[in-house]
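Note sheet for the following structure.
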Amino acid sequence: SVEEEQAIAAVREVLERFGGFDERYITAEDAEFGFRLLDHGLRLRFERGSVVRHFHANRLMKYLRMQRTHGYWRVLLHLERPGRGRNAYSGAIDHLQPFLAAVLLPLVLVAIAATVLSATGTLGTAWAGAAWVATAAAALVLLAAQLPIAAAMARREGAAMWWFVPLGWIRSLWRAAGMVAGVVDRAVGRAVDAVDVGHVRGVDHVDRARVDAPGIRARRGLRDQRRG
């Protein structure tokens, strides 16, 4: 038995018995379904003969927006399925990165404010210096956190993969932005609805072909009928 959940496949009987994929989710719907099966006492098995096609964004901004979207929906996933989320390809350092990145922006704002107050004589220069040191330390720790995965990629694919260090640093910031938006939306009680995803705070990367697909349009019509 494993606690893997990405790219999950199940026989139709299991899908129907446990409600299938939760259509509120734009991403992580496979993980949510896997967690639900585990919560009901089922076991997941790794199928070595399976082949999964996984398409990655081939442009930087599209990739970063996708990471922000992942961060947003992971908040809902882990709030609804607490205690789940372990997998074979990410460790504690990977899970810590978005939280560390989320601290960076407040530190930068504090450092700027301290610098301004120091320039006006309201605050001592030592406070401004300490704020910038803390900001730089957090940024360097976040950068160092990219080294393990970059090293693994370089061993597998070659030295060119070390470019992931700066990319991973930026990726963490975008994931953190999505997570913060997700936390805010949950805190204020915003509804999470896949067909209304364009109105969700901080999330603008959505596969429009997916959202506008016939099945989604049909569900939108059914939803509107129920509300009417």
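None of these values were measured; they are calculated from a predicted model.
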Between CZ of R74 and CD of Q67, what distance do you get to the nearest 0.5 Å? 10.5 Å
Other members of the hydrophobic cluster containing W127, with the 4.5 Å side-chain heavy-atom rule, please. L117, L123
R36 meets the salt bridge (charged side-chain N to carboxylate O under 4.0 Å, His left out) criterion, sequence neighbours left out, with E32
Other hydrophobic cluster members with L105, side-chain heavy atoms of Ile/Leu/Val/Met/Phe/Trp/Tyr under 4.5 Å, chained? L109
Test question: given the 4.5 Å side-chain rule for I, L, V, M, F, W and Y, name all other residues clustered with V133, or answer none. none
Distance (rounded to the nearest 0.5 Å) between I8 CD1 and S50 OG: 11.5 Å
When rounded to the nearest 0.5 angstrom, what distance separates CG in L167 from OH in Y63? 5.0 Å
Looking only at heavy atoms, which two atoms of G71 and M179 are closest? And how far apart? O-CG, 3.4 Å
Which atom pair, heavy atoms only, marks the closest approach of L42 to L38? O-CD2, 3.5 Å
Taking side-chain contact (heavy atoms from CB on, under 4.5 Å) as the definition, give me every residue that meets it alongside V108, ordered by chain and number, with sequence neighbours left out. I112, T135
Under the side-chain contact (heavy atoms from CB on, under 4.5 Å) test, which residues partner L140, sequence neighbours left out? none
Heavy-atom closest pair (V14 atom, F33 atom, distance to 0.1 Å) is O-CZ, 4.2 Å
Would you say L60 and I170 make side-chain contact, with heavy atoms under 4.5 Å? no
Search all heavy atoms of W73 against all heavy atoms of T27 and return the closest pair with its distance. CB-OG1, 3.4 Å
Under the salt bridge (charged side-chain N to carboxylate O under 4.0 Å, His left out) test, residues paired with R12 that sit two or more places apart: E16
Shared hydrophobic cluster for W132 and V103 (ILVMFWY, side-chain gaps under 4.5 Å): no
Nearest 0.5 Å, please: how far is CG in L104 from CG in L142? 6.0 Å
Output all residues satisfying ring pair (Phe, Tyr, Trp, His ring centres under 6.0 Å) with F164, sequence neighbours left out; order by chain, then residue number. none
Treat each ILVMFWY residue as a node, draw an edge where side-chain heavy atoms are under 4.5 Å apart, and state whether V110 and V141 are in one component. no
Rounded distance [0.5 Å steps], CZ in R65 versus CZ in R59: 10.5 Å
So, the side chain of W163 versus the backbone of A160: is there a donor-acceptor pair under 3.5 Å, distance only? yes
What one should report as the nearest heavy-atom pair of L77 and A28 is CD2-CB, 4.0 Å
Please report the closest heavy-atom contact between A176 and A102, naming both atoms and the distance. CB-N, 3.7 Å
Just grab all the salt bridge (Lys or Arg N to Asp or Glu O under 4.0 Å) pairs involving residues 148-167, residues at least two apart or on different chains. none
Any chance you could measure E29, atom CD, to E23, atom CD, to the nearest 0.5 Å? 10.0 Å
Grouping I, L, V, M, F, W and Y whenever their side-chain heavy atoms are under 4.5 Å apart, do W174 and L107 come out in a common cluster? no
Sequence-distant partners of F18, ring pair (Phe, Tyr, Trp, His ring centres under 6.0 Å), two or more places apart: H40
The side-chain contact (heavy atoms from CB on, under 4.5 Å) partners of A137 (sequence neighbours excluded) come to none
Please list, chain by chain and in numerical order, all residues satisfying side-chain contact (heavy atoms from CB on, under 4.5 Å) with W162, sequence neighbours excluded. L147, A150, A151, A154, A159, V165
